[in-house]
Amino acid sequence: MAAAQMLLELRGVNKHFHGGGIFKQGRKVQATRDVSLSLAAGECLGLVGESGSGKSTLGRIILGIEKPEAGEVLFQGVNLYGKDKAAVRNVRRDLQVVFQDCFSSVNPRLTAGESIAEPLKNFTGLSYRKQLRSVGELLELVGLSAEDAAKYPHQFSGGQLQRVCIARAIALRPKLIVLDEAVSSLDVLVQSQILALLSGLRQELNMSYVFISHDLAAVAHLADRLAVMHAGGIVERLDTMADIHSLSHPVSRALLAAVLPPEPAGCTRKQELAAENLAAAAQTK
Ligand SMILES: Nc1ncnc2c1ncn2[C@@H]1O[C@H](COP(=O)(O)OP(=O)(O)OP(=O)(O)O)[C@@H](O)[C@H]1O
């Protein structure tokens, strides 16, 4: 039987940068190294790794905004860096992003409503009236109220503004959202609220996520599968987050250790509890 078409497929993706330096010769940095991965419709792939391992570069490559030197990126079967520009334009609206820093990803001079309406204006033929109604519905979908449309970014808390950014990202009902450290700058309580929101929206709107994070605990809440990056390459994969404690690569172990609190000698119960919580998070999505 032929394999079903994946929503996203990366084959042998390579990207390097020149590090700069005073003589402009700079060291070559291999930001992604022969990366291949795939994602089915409705799935969430967690992409973890230490700082500088290439996660955000890979995220930009997936979004079609950072051309790799080698390899292919197929989204809904369309090569995002291929020659068929019309086909690329057609699928681009199904690909959205939410970044870590919500304050710098919105225009401070636009109201929340105007920001959320931008993709509707650019990609749909909706009348102004219908755009307004759609903005109100989107705000309610992310747990804000339609009246919040009139507020400016500085009038929201970080968590509320991240909800606005999520509303903008889902405005066109995309098939895939790249969440690049989307909860990292929020405090723990707000983080778990936004993770719950993302989890609910994913089911309601049947979306897929690539969830980029250095925080394995946050990833365990949302992801179905895991890829661990190191020095531009994928060094370990999990097909189910229930196996999170079987991670064995030193980088994976370090990321796992980072979410377990340090223990005084001879006392392991707190660590056991943290491990149980992590496993529970991976199972109760
Ligand atoms: N535009 C660029 N020019 C030069 N080097 C770059 C550029 N973008 C990324 N790099 C380098 O590529 C490597 C991977 O960076 P990337 O931002 O993808 O890592 P990351 O895993 O997302 O890190 P972080 O978690 O700190 O954001 C790093 O060494 C980085 O310095």
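Order of listing sets the numbers, starting from 1, for every ligand and every atom in it.
Looking at K15 against ligand 1, nothing comes within 4.0 Å, counting heavy atoms. The proximity of T57 to ligand 1, defined as any non-hydrogen pair under 4.0 Å, involves the side chain as well as the backbone. Residue E50 touches ligand 1 through its backbone alone, judged by heavy-atom distances below 4.0 Å.
The single protein non-hydrogen atom nearest to atom 10 (N) of ligand 1 is F17 CD1, 3.4 Å, given as residue, atom name and distance. What sits closest to atom 26 (O) of ligand 1 on the protein, heavy atoms only, is S51 OG, 2.5 Å. With hydrogens left out, the protein atom closest to atom 25 (O) of ligand 1 is K55 NZ, 2.9 Å, a heavy atom. Nearest non-hydrogen protein atom to atom 28 (C) of ligand 1 is G52 O, 3.9 Å.
Distances from atom 30 (C) of ligand 1 to the protein include no heavy-atom value under 4.0 Å. In this structure, atom 19 (O) of ligand 1 has protein heavy atoms in its sub-4.0 angstrom surroundings.
Side chains of E236 and S248: a donor-acceptor N/O pair is present below 3.5 angstrom, by distance only. Using modelled atom types, one finds no donor on one side chain facing an acceptor on the other under 3.5 Å when comparing S246 with D243. Side-chain N/O atoms of D94 and Q76 include a donor and acceptor closer than 3.5 Å. One side chain, E50 or H230, offers a donor N or O that lies under 3.5 Å from an acceptor on the other.
Heavy atoms of M229 stay at 4.0 angstrom or farther from ligand 1.
Between S36 and L10 the shortest side-chain heavy-atom distance does not fall below 4.5 Å. Using a 4.5 Å heavy-atom cutoff, the side chains of R168 and L120 are not in contact.
Near A31, meaning under 4.0 Å from any of its heavy atoms, are these atoms of ligand 1: 12 (O). Set against the non-hydrogen atoms of R60, the atoms of ligand 1 under 4.0 Å away are 8 (N).
At most 12 heavy atoms of other shown residues, nucleotides or ligands fall within 6.0 angstrom of atom NZ in K83.
For the pair K28 and F17, the cation does not sit on the ring face, since its NZ or CZ is not both under 6.0 Å from the ring centre and inside 45° of the axis.
A salt bridge links R202 with D224; the closest basic N to acidic carboxylate O contact falls under 4.0 Å.
Nearest-heavy-atom check against atom 22 (O) of ligand 1 across S56, S53, G49 picks out S56.
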